[in-house]
Structures are given as C-alpha cells and as structure tokens.
K.L.:
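Below is one structure. I have some questions about it.
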There are 2 protein chains.
Amino acid sequence: MARPQSRTAEARRSRHPDGRRRASHSMESVLTEAVALLDEAGAQALTFRALAQRLGGGVASIYWYVASKEELLDRATDHVIGTVLADIERLPALDDPIDDLRAMALTLFDAIVDRPWLGAYFMRETDVQGNSLRLYEKLGEPTLRLDLTARQRFHAVSAVVGVVVGSAVDLGQEPPQEVLDGAVNREDFLHRYAQAWRELDPAEFPFVHEIVDEFDGHDDVDQFRSALELTLTGLRLQAGTGTGA
Amino acid sequence: MARPQSRTAEARRSRHPDGRRRASHSMESVLTEAVALLDEAGAQALTFRALAQRLGGGVASIYWYVASKEELLDRATDHVIGTVLADIERLPALDDPIDDLRAMALTLFDAIVDRPWLGAYFMRETDVQGNSLRLYEKLGEPTLRLDLTARQRFHAVSAVVGVVVGSAVDLGQEPPQEVLDGAVNREDFLHRYAQAWRELDPAEFPFVHEIVDEFDGHDDVDQFRSALELTLTGLRLQAGTGTGA
DNA sequence: ACCTGAACACCGTTCAAGT
DNA sequence: ACCTGAACACCGTTCAAGT
C-alpha cells in the first residue's frame, strides 16, 4: 500500500555502464502525463501503452506506481480535483451562503468544461484521503450558514453536485468523430439536429418544436446556470431566507 | 442502413442436411439478450463473445445486426427506454403540470434504479428516430402549460433531466466488488465510510460531521426526490404559479 | 439473406529477470 | 527500489467462405 509520493523529478533517463538506458519515472510524472493524454484525446486515449511511450519506458513500469487502470484513473482524477479545490479555496467569501454555493458550483463546472472527461470520473471515489472529500466539504460549508436541518443540508449539497454532474455528463459525451476532426463545428452539428427536429410532425412533437430555436446554437454554460439557479431558488425558499444578501 | 426490424422469433436452430446446426437470431433476440447481460452483470459483462454464447452462435453473426458495439449499446438502451416511455405514457394526466413533471421524472428514475447501467447511456443519442427523443418530448409537454418563455421551457426540461442523470450516475457507480459478491451489503458499506468520516478532524471537516448521520444508511430515492423538489420549487416560482393545483 | 471460424490488432495485467 | 521484454488472456472487428 505504501507508495512513493514525493518524487519531484520529471521523467528522465540514466546512463548505465553498458550504454543501455533506463527510464525513470515518478508518481508526479505518471499522473501529469496521464492527465495530458486525457486532455488531448479523451478517456479512450489513456492506455498503458500510450502512457508508457510518453514516459519513454515500458508498459510494466507503470504498475510500480498504480495497481490497475482503475487506480490510475482515480489518482489522475484526484490530481486535477486538487487544482479545482485550490481554485475554490481561492474564491472570496461572500455574505450570502447561496452566492458562495453558486460560485463554487460554477468553478467546478468550468473545470469540467475544460476537461470533459472529468465529468465521468469525478465523485467516483470519495476516498477518505482524497481531494473529492475536501471538495465535498467545501461545497457543504455554506449550507451551515443556512437555516436548514442536517438532512436538508445533506440533500442540498447532493442536489448541487447532481446538477453539476448532470450537466457535465452531457458535456462528456464524445462528440461525433466529424466534430473532433474539425470537419464540422459544434454549431453546425447542433444546427443539423435542429433541422431534423423541425421536420417532425408538430402535432406529435409540440414541445420539440417549441424549443428547437433555443436548442439550435445553445450554450451549455447557460443551460447549466439555469439549472443551478432553479435548485438554488428552491434552496433559498427552503431556508426561508429573503432574496437579498 | 436498412436493417431487419420485424423478426419475432426467438433464437433458434435449423437442421441442415449434413447434420450441422446453424444458429438463427433476430434483432429482437439480440437486443433482449444484450439487455439481459447488462441487467445481470453490468456494462462490462456485455461482450460480443458473451452475447454470441447466449445466442448460441458465433461472434461475427452479431455484426449482421449492428455495425459496432456502440450501435449495440445505443439500440439496447433505446430498447429499454421504449418500455420507460410506455410507463410514462400510461401515467394519469394531472391538473398541475409540475405534478406531471414530478411523476415522469420519478418513473424515469425508478427505471434507472432497476437498471443502474442505464444511467450512463441514456440520453447519449437523441436520434431523430429514437425513443429518447420521444421521452424528451413527453417530459417537455407539461412545461407547455406553464407560463414560461420557450427558453425557460428548454432550460426547465434540461434541468429536470440533469437532476435525474446526476442522481443516476451516482447509482451507476459500480459498487465495490465485496458488495456485488454479497460479502458486504450496501448498508454496511455506507456505515464503514461513515465511520471513517467520523474520525476526521471536526474543525477541518465541519460539514462532513454535520451530515455524517444522514449519509449513514441514506436512501438514494430520498436524495433524488429532494433534489427534484428543489428544482421543481424553483420552476414553480419562475412560472409564477401558486403552490396549489 | 444470414451465419461461421479464423485471423488481426489492440488491450490490461503478470512475471521472471535485469540494474 | 525500480525498470524491462515477453508472454497471457481477452477484447472489438474483419473477411473469405459457407448455407
């Protein structure tokens, strides 16, 4: 269970008498390169072979740092959640706890917009040691200043996390290959869907027709903010607090 | 693109002069068995080889029905969304559109509780032909009776779907092996986490301490209902409707 | 029209051996 | 303590061939 935590060196190579080279890694470099792979090409690109190549070594050496791919993903996720946590801790404290909650949720959502693969993995493990638990704590603290029962606080934070995850999963969907290739941009892609929807029978799909213009070219952040606002409004009402600060 | 849709037969075998047997499938049986595999052992158990074995044939024959594993998953998902859709259409119409929305969301959530793997896949493709789009339409129709703008309606349905997905993803997390094995039940599992949390420094983790008793032994459905209620309350306020019917 | 066996390229994981 | 090459079992997918 004991694993190295504090090697700061980047991947490097050491010469040996016989002229052969041996790669040398560190937990840091393994996770950094894993995240880079994830960022560049998504979850399916994170392969032990691809990672080993980036690190300039053999596949098997990665197993000295992690016991399985699952652990690799958990650690990589925890690694970036650490930076999100730092961003959240840097947020200025506001008078209204609900404003704090909103700012934190937005910070988290922004991180997932930058790294869509995060949506699928974060909150997978609320390990006792992990940054996820610390993040959960931070998200919960504002609710301590609201007039709620412990159960309501528990549910409130679950709800906020749920809104983030629910919107994030949407982002995490691999866009179709043509969008990744750059052959078609997101806007055109949405537009093509919208066009297909417009051709549906209006009597059978009244709602789809009602919102098709909104769907066409919509912004994911707007969508998230609206969903978050509904939850926060509900929460404010539950806490019996006025609308002002 | 044209694929068989209407073979009703179960998997069966036909004798041939030379005494060898040839398996015979149908789109129906392929999807039914795929869903059975998913239900019995989760997403990772759905393998072309496992599916072929269940169907009593070779791996390659599945490719006559679907072009890829992705298509298999999409079709399997659409298949069960069809049953959810039927459940939702069977729901009695209520006076209050928000009550309708709640009932629909709960029906959807219940389906995911029964089939945790659904959480990860549904709403992956809102194909023009698919049941997902029909489901989306149904979820949206109550909002047409609320005093909202088209954009607010679009966002409202996204929010409700988000709440479902957000809670569902939580359910979809593979429980640790020991829980699946039945060696440890869910309650004990939660309890162990709770115990670890109780040992954290209360000054550093005040929120975690506040809610640990609620977390310990909590019910996922309660959690979902609360999250949904916050969103619906926000929506009701937005629509300017009173609390009554 | 539909099914089959065998092959291919790729994956996570293990291990005995090296340094 | 840490890295390596080679092997293993398994996966999705293809294809030429059968019926």
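Just so you know, these numbers come straight off a predicted model, no measurement behind them. Lettering follows sequence order; numbering is per chain, from 1.
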K.L.:
C/dT4 C1' sits how many Å from B/L55 CG, rounded?
P.N.:
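Taking atom C1' of C/dT4 as the reference, CG of B/L55 is at 14 Å.
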
K.L.:
Between the protein and nucleotides 10-13 of chain D, list every N/O to N/O distance that falls short of 3.5 Å.
P.N.:
residue: D/dG12; atom: OP1; partner: B/K69; partner atom: NZ; Å: 2.8
residue: D/dG12; atom: OP2; partner: B/F48; partner atom: N; Å: 3.1
residue: D/dG12; atom: N7; partner: B/R49; partner atom: NH1; Å: 2.6
residue: D/dG12; atom: O6; partner: B/R49; partner atom: NH2; Å: 2.7
residue: D/dT13; atom: OP2; partner: B/Y63; partner atom: OH; Å: 3.0
residue: D/dT13; atom: OP2; partner: B/K69; partner atom: N; Å: 2.8
residue: D/dT13; atom: O5'; partner: B/Y63; partner atom: OH; Å: 3.2

K.L.:
What class does the angle between the rings of A/Y136 and B/F207 fall in, given that below 30° is parallel, 30 to 60° is tilted and above 60° is perpendicular?
P.N.:
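Rings of A/Y136 and B/F207: perpendicular, over 60°.
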
K.L.:
Evaluate the ring planes of A/F154 and B/F215, with Trp represented by its six-membered ring, and classify them as parallel (under 30°), tilted (30 to 60°) or perpendicular (over 60°).
P.N.:
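The rings of A/F154 and B/F215 stand perpendicular, inter-plane angle above 60°.
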
K.L.:
Return the pairing partner of D/dG12 with a 3.5 Å limit on both distances, Watson-Crick or G-U wobble; otherwise return none.
P.N.:
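Its partner is C/dC8 (Watson-Crick or G-U wobble, both distances under 3.5 Å).
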
K.L.:
Can you classify the ring geometry of A/Y193 versus A/W197 as parallel (below 30°), tilted (30 to 60°) or perpendicular (above 60°)?
P.N.:
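Perpendicular, since the angle between the ring planes exceeds 60°.
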
K.L.:
Can you find a pair of side-chain heavy atoms, one from A/L72 and one from A/Y65, that are under 4.5 Å apart?
P.N.:
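With C-beta onward as the side chain, the pair stays apart.
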
K.L.:
Using the salt bridge (charged side-chain N to carboxylate O under 4.0 Å, His left out) rule, take B/R134 and B/E89 through it: C-alpha gap first, then chi angles, then the decisive distance, then the call.
P.N.:
CA-CA 10 Å; B/R134 298 195 123 76; B/E89 284 171 340; 5.8 Å; no

K.L.:
Could you tell me the separation between the CH2 atom of A/W64 and the P atom of C/dA16, rounded to a whole number of Å?
P.N.:
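Distance check: A/W64 CH2 to C/dA16 P gives 19 Å.
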
K.L.:
Answer yes or no: does a side-chain N or O of B/Y65 lie under 4.0 Å from OP1 or OP2 of C/dC2?
P.N.:
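False: B/Y65 side-chain N/O out of range (4.0 Å or more) of C/dC2 OP1/OP2.
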
K.L.:
With both distances under 3.5 angstrom, what nucleotide forms a Watson-Crick or G-U wobble pair with C/dA1?
P.N.:
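Matched C/dA1 with D/dT19 under the 3.5 Å cut-off.
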
K.L.:
Just how far is it from atom CG of B/L73 to atom NE2 of B/H79, taken to the nearest 0.5 Å?
P.N.:
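If we round to the nearest 0.5 Å, B/L73:CG and B/H79:NE2 are 14.0 Å apart.
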
K.L.:
Take the protein atom CD1 of B/I62 and the nucleotide atom C1' of C/dT4, then report the distance between them rounded to whole Å.
P.N.:
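For the pair B/I62 CD1 and C/dT4 C1', the rounded distance is 12 Å.
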
